[in-house]
Chemist: 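Pasting a structure here, questions to come.
Here is how names work: the chains are called A, B, and so on, in the same order as the sequence lines, proteins then strands, and each is numbered from 1.
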Amino acid sequence: MAEKLLVEAVNDALHVELARDDSVMVMGEDVGRAGGVFRATAGLVERFGENRCVDTPLAEAGILGTAVGLCMAGWKPVCEMQYDAFSYPCLDQLITHVGRYHWRTGGKMEFPITVRMPYGGGVRAPELHDDSPETYYVHTPGIKVAIPSTPADAKGLLAAAIRDPDPVVVFEPKLIYRTERGEVPEGDYVVPLGKARIAREGTDVTLVAYGAMVPVCERAADELADDVSCEIVDIRSLRPLDEESLLASASKTGRVVIVQEAPRTVGFGAEIAAILAEKAILDLRGPVLRVTGYDVPYPYWKIEDAYMPSVERVAAAVERVARF
Amino acid sequence: MAEKLLVEAVNDALHVELARDDSVMVMGEDVGRAGGVFRATAGLVERFGENRCVDTPLAEAGILGTAVGLCMAGWKPVCEMQYDAFSYPCLDQLITHVGRYHWRTGGKMEFPITVRMPYGGGVRAPELHDDSPETYYVHTPGIKVAIPSTPADAKGLLAAAIRDPDPVVVFEPKLIYRTERGEVPEGDYVVPLGKARIAREGTDVTLVAYGAMVPVCERAADELADDVSCEIVDIRSLRPLDEESLLASASKTGRVVIVQEAPRTVGFGAEIAAILAEKAILDLRGPVLRVTGYDVPYPYWKIEDAYMPSVERVAAAVERVARF
Amino acid sequence: MIEVAQRSVIDEERELDGVGEQDLLDIYRSMVLLRTYDERSLVYHRQGRIGTYAIFWNHEAMQAGSAHALADEDWIFPSYRESAIGLLRGIPPATVLHWWRGHPAGWWNPADYNVASICVPIGTHVPHAVGLAWGKKLKGESACAIAYFGDGATSEGAFHEGANFAAVMQAPVILFCNNNQWAISTPISAQTRAETLADKAVGYGMPGVRVDGGDVLAVYEATREAVERARKGGGPTFIEALSYRAAPHATADDPRVYIDIARVEAEKKNECLGRYERYLRKLGVLGDDLEADIKAEAAEAMRAGIAAAEAEPDPDPELVFENAYVHPPPNMRDG
Amino acid sequence: MIEVAQRSVIDEERELDGVGEQDLLDIYRSMVLLRTYDERSLVYHRQGRIGTYAIFWNHEAMQAGSAHALADEDWIFPSYRESAIGLLRGIPPATVLHWWRGHPAGWWNPADYNVASICVPIGTHVPHAVGLAWGKKLKGESACAIAYFGDGATSEGAFHEGANFAAVMQAPVILFCNNNQWAISTPISAQTRAETLADKAVGYGMPGVRVDGGDVLAVYEATREAVERARKGGGPTFIEALSYRAAPHATADDPRVYIDIARVEAEKKNECLGRYERYLRKLGVLGDDLEADIKAEAAEAMRAGIAAAEAEPDPDPELVFENAYVHPPPNMRDG
Ligand SMILES: Cc1ncc(C[n+]2csc(CCOP(=O)(O)OP(=O)(O)O)c2C)c(N)n1
Ligand SMILES: Cc1ncc(C[n+]2csc(CCOP(=O)(O)OP(=O)(O)O)c2C)c(N)n1
Ligand SMILES: [Mg+2]
Ligand SMILES: [Mg+2]
């Protein structure tokens, strides 16, 4: 095992999967010659050639739309959207076709498309480089969604996504692309979709998060460690969702705080809360709190820290529910 | 007051608002010569001319994108998307620009765009004429969303949307376009955004719904009337949301069933449930149940009734929570 | 490399290289089958036996002529306007009728016929066809693809992005635009300011050609050239087939509020099947008996088709949960 | 009506009708101001005083030349590449510096300057410019609009839909394409197969023209013609200004992995400001003293600009909730 940064683990997964299956191809803006604006696709074009790592025209709907046809020709396309907010032009293809085409063929054809993109805020960038769009994707039937928070998961979930016969969208938390470093198994390595990760065991309050919010929860848990024992559930696979681990933790602690970077209304935190309100109502010993981004345009970066769920906001929510 | 069908009430609102304010214009595919494929815009081009009721090219992103510029020139565009699923190409403009441009100008310019579209299933149509896309819209900061369930609200909420200085999306439940008939005030008539409607008072269980699911709840309540007294909260304005009425009803009954036609995951029902799990936890005397569409592609119409929340499914959920 | 003059064969009485009597009759059979499908479907709709239906009367020449220029390995990407084009590839009429009946038996396996699913949203299948063609080329296979769409579709971003990808990737694909001059109630003059739709090819750096869409042989010829070029590595072609929508947009549409009825009547008189029949008769290829036989065969196929469709049991509501995923999430049935 | 030959003025030493010494120097002042803004910003970025920055070195001729052809009532829709074009309309350098500092003081009121907000996503502002121009026309006002975008933007659906609307509505708008031949690492040859980007105009039925984007007067002339046509009701024009990106895409980009360095060096030698200076000197319009004065003035504007920007207090975090809505929903602060 080698230590890798999160973005290096992504790159590793792509190298392994392209080597493993020659029907896998990578496509997107600047993924070839430049190796991706975050260098997530570095070395692929040199190693696998221009047919397996394609610099496309600047057209996100074109990327995802041609990927549908590529599947019909036997390819497994891995499409990069250069940034979260620049993926929106592909939503039409995603909703009308990518999520429905397997169904439309009576289950006969498969569309093993992977869409991956750096996402999320806190990176001191101009507007539209900071969005957390997972709701748009996870609400769409036929689509699966994964969001890693560690280098190992970044590799393993991406590998699982590429090998999955269904379309999977992987959001990579760019804020921690180069701050999260960890052991990553070499070669073939898959983290199955649909299993949450208990990032930390605890007994008093359950923190539910994914992506860059997991380290925030960890820091909040550290701060509170003397008073409150926090369990942290890293959802990591939003669909399929590991309800079992979620409900088990809620039943153990009876107190839940959900942390999500996206705007609040119908963010994925709402789904988690709704599941708890239905399936864990007798276990709950306090309100289910959400610490989220706000229902406002993602702000100018000088004040973005006031938007992003912070250690303080998370800690305050934990204390509130712990004392309830 | 005259009796009108829901779609006639929409048409009435457009006539009144275009007559009232000559900066209001209607634009979309087939809204002029044809008067709209559901005749919601009938008579507008004859009365207000081709500059105020514009048949556009077939390009939804172009419609919403030019609407942004039209606002800058002092217009208040009312954009029709011909059907729910055909609105997806406009999502990029919606998310990147419509919801952010007021903010981007430091609050100096207003973008009083109205987007209206027939939505929802049950109409025995080929695929992609049946979607309930409100999640994509209501998750987007800067956007307001209204969904009427009666002719009077269809008129009043659309008028409110057109007069509102913020962008508002109005979803019109096409299943009940011509089945819901009711008294509609003549002339100027506004139903303010942000106020729920108590469609029926009751004491045992609160049913929360909007659009075409309100009549379904009413029928379920009728069926159960001997055993369970249902209160029906017609949300009708998803953003701004009338949390007060919602919480008041939940506190009164302690038992809530939410009905939503859209796919389950992060549907608007999840947001309602999450609000209850946070703000009404001590009032709840049972699980918060959701009766929803499924996380599957909207089905072929021969079996669409098995997808749509039915009176039976709603009644079963009410009974389950009533007995809890 | 844009041909702006509209190509014709029938009116000019040109003979096409390599097109023998057999071809002429195959094409005729295809046209008759499509015409019969369309006319019967309208009746079935009126009888309440199928749902809303998108009429393609007078579009048969564009569909049959172009499809005849393809090899079986070539993929067809139809819009709703070409819902029945799969019949020319062996899809049973019952299947397509099922599609319009909202019955899951109307969904076929595209790979069985190299015919993609019917595309309902405008223009979004253009990138699919391009991707398929590009993907085949990357695999060293020789198949091409053809995408059918209308004049209105050229306004959509999806058409544009697909066309640009096609040219950049030199994908072996034919972008076949059925310019029936209307997008529901919107005339071509409100759709574009370009003089011809074939002009659009210039902006993509691909060949563009305009043909008489009522002339099945002109359509065949233009498509054959495009297919040959594509197969030789010459990349995509944009074909504009000029025709006129002589029927309502679909069964739910009342064109009287927007269309020029006199023009429609004129078009009806010159509709594509009659034109081709007169030509074949003049050539001596078609006579009364043969025509009657071919039409009877098509009528019989449709009779059998609707009977088979109606004999199919109502679908199991459980199918709501089928095929959403290969590996469905465990909570998919929650609702 | 496509001019494929690339128009030049400087190299041909043509004189432009109605362009006097004052105009020549105004244009020069604009170019110097933009150049100074750009060069200083790069320094400020290196010093950590502003954030990521999109360099527009060698794009000044395109921006200053076209902007000079506009009246004050005309609206400018910039991309990030034209972030500082508002300086030519009186937006203070501090404001634009704030934008790159992620400070809310960087957001101006477009209506104060008829300069729209900087558009970050590619091509999505094209329909905005078209809508503004169309809307002004509907109101009987005479203002035009200009949208700036790059070669890469022509691949996006948003560009296409906007351009088509422009032509159909005969909107008085100029679609100004800065073809610097790169979209980050993607060369124009991987972006389109069209011979020139001006060719794209054909498909929309609008005039297209290609100019030397390093020749500020050629750019001015082409834009002036387009503006005149637009104001007379002649609708939109597509202008392709051919140039070359002689700097990194932005401060975060390392072009050495993809670009041809020799070509970049050649372009640098022929960069647009030097070319114009040599021309003005030859004409006798510019001398050492004047040049020094103009450059000093620009340098002073930037010194004052960064000082003002840095004197601005840090923004109040409460601003997170400002301006999301005119009438905010009551629960907007829940989080
Ligand atoms: C994205 C999208 N927008 C709107 C519609 C609704 N609609 C169905 S057919 C049609 C007109 C299409 O015209 P055209 O492309 O010319 O094809 P034709 O029907 O004439 O064959 C429209 C607007 C749709 N299906 N998809
Ligand atoms: C919709 C969208 N996709 C991707 C990006 C990321 N991106 C920023 S600049 C750029 C290249 C733009 O190239 P071009 O249009 O030629 O303009 P230039 O930067 O050369 O002026 C890309 C891909 C974006 N900003 N918006
Ligand atoms: Mg048409
Ligand atoms: Mg460029």
Chemist: For a 4.5 angstrom cut-off between non-hydrogen side-chain atoms, does D/H128 reach B/Q93?
Modeler: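 The answer is yes, as the side chains (C-beta and beyond) meet within the 4.5 Å cut-off.
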Chemist: For the residue pair B/E243 and D/D334, what are the closest heavy atoms and their distance?
Modeler: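 Minimum heavy-atom separation between B/E243 and D/D334: OE2-OD2, 3.9 Å.
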Chemist: Side chain, backbone, both or neither: which part of D/A145 has an atom under 4.5 Å from a heavy atom of chain B?
Modeler: neither
Chemist: Give me the atom names and distance for the closest heavy-atom approach of D/E161 to B/G62.
Modeler: OE1-N, 2.6 Å
Chemist: Please flag which part of D/A129 lies under 4.5 Å from any non-hydrogen atom of chain B: side chain, backbone, both or neither.
Modeler: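 Contact with chain B: none, neither part.
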Chemist: What are the two closest non-hydrogen atoms of D/W134 and B/V54, and how far apart are they?
Modeler: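 Taking every non-hydrogen atom into account, CZ2-CG1, 3.8 Å.
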Chemist: Which atom names give the shortest non-hydrogen contact between D/V326 and B/D166, and what distance separates them?
Modeler: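 Minimum heavy-atom separation between D/V326 and B/D166: N-OD1, 2.7 Å.
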Chemist: Looking only at heavy atoms, which two atoms of B/P57 and D/F165 are closest? And how far apart?
Modeler: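 The pair with the smallest heavy-atom distance is CD-CZ, 3.7 Å.
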Chemist: For B/E244, does the CD atom have more than 12 heavy-atom neighbours from other residues, nucleotides or ligands under 6.0 Å away?
Modeler: no
Chemist: Tell me, side chain or backbone of B/F111 under 4.5 Å from chain D's heavy atoms, or both, or neither?
Modeler: neither
Chemist: Between D/M169 and B/T56, what is the shortest heavy-atom contact and its length?
Modeler: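 For D/M169 versus B/T56, the nearest heavy atoms are CE-CA, 4.4 Å.
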Chemist: Counting only non-hydrogen atoms closer than 4.5 Å, does B/L58 touch chain D with its backbone (N, CA, C, O), its side chain (CB onward), both, or neither?
Modeler: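 Contact with chain D involves no heavy atom of B/L58 at all.
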Chemist: Against chain B, label D/P104 side chain, backbone, both or neither, depending on which of its atoms sit under 4.5 Å from a heavy atom there.
Modeler: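 Answer is neither: D/P104 stays 4.5 Å or more from chain B.
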Chemist: Is a side-chain donor or acceptor of B/K144 paired with a backbone partner of D/H327 at a separation under 3.5 angstrom?
Modeler: yes
Chemist: Check for me whether D/K139 meets the cation-pi criterion with B/W75, that is, NZ or CZ under 6.0 Å from the six-membered ring centre and within 45 degrees of the ring axis.
Modeler: yes
Chemist: Under a 4.5 Å cutoff for heavy-atom pairs, which residue among B/V68, B/L64, B/L241, B/L70 has the most contacts with chain D?
Modeler: B/L70
Chemist: Can you tell me if CD on D/E73 sees more than 12 non-hydrogen neighbours from other groups inside 6.0 Å?
Modeler: yes
Chemist: What part of B/H102 lies closer than 4.5 angstrom to a heavy atom of chain D: side chain, backbone, both or neither?
Modeler: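 Both parts, heavy atoms under 4.5 Å.
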Chemist: Would you mind checking which part of B/P165 comes under 4.5 Å of any heavy atom in chain D, side chain (CB onward), backbone (N, CA, C, O), both or neither?
Modeler: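 Both backbone and side chain.
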Chemist: First locate atom CG of D/D112, then atom OG1 of B/T105, and finally report the distance between them rounded to the nearest 0.5 Å.
Modeler: 10.0 Å
Chemist: Determine the option with the most heavy-atom pairs under 4.5 angstrom with chain D, choosing from B/G74, B/A67, B/A59, B/P240.
Modeler: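 The candidate making the most pairs under 4.5 Å is B/A59.
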Chemist: Evaluate the side-chain proximity of B/D92 to D/E156: yes if any heavy-atom separation is below 4.5 Å, no if none is.
Modeler: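 No, too far: nothing below the 4.5 Å cut-off.
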Chemist: I'd like to verify something: which residue of D/G135, D/A143, D/P127 has the highest number of heavy-atom pairs under 4.5 Å with chain B?
Modeler: D/P127
Chemist: Could you tell me whether a side-chain N or O of D/Y325 sits under 3.5 Å from a main-chain N or O of B/I143, the two making a donor and an acceptor?
Modeler: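 It does hold such a pair.
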Chemist: For B/D242, is it the side chain, the backbone, both, or neither that has a heavy atom closer than 4.5 Å to a heavy atom of chain D?
Modeler: neither
Chemist: If we define contacts as heavy-atom pairs under 4.5 Å, which of B/M25, B/R52, B/R104, B/M72 has the most with chain D?
Modeler: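 Most pairs with chain D among the choices: B/R104.
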Chemist: Non-hydrogen atoms of chain D under 4.5 Å away: do they reach the side chain of B/E278, the backbone, both or neither?
Modeler: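 Neither part.
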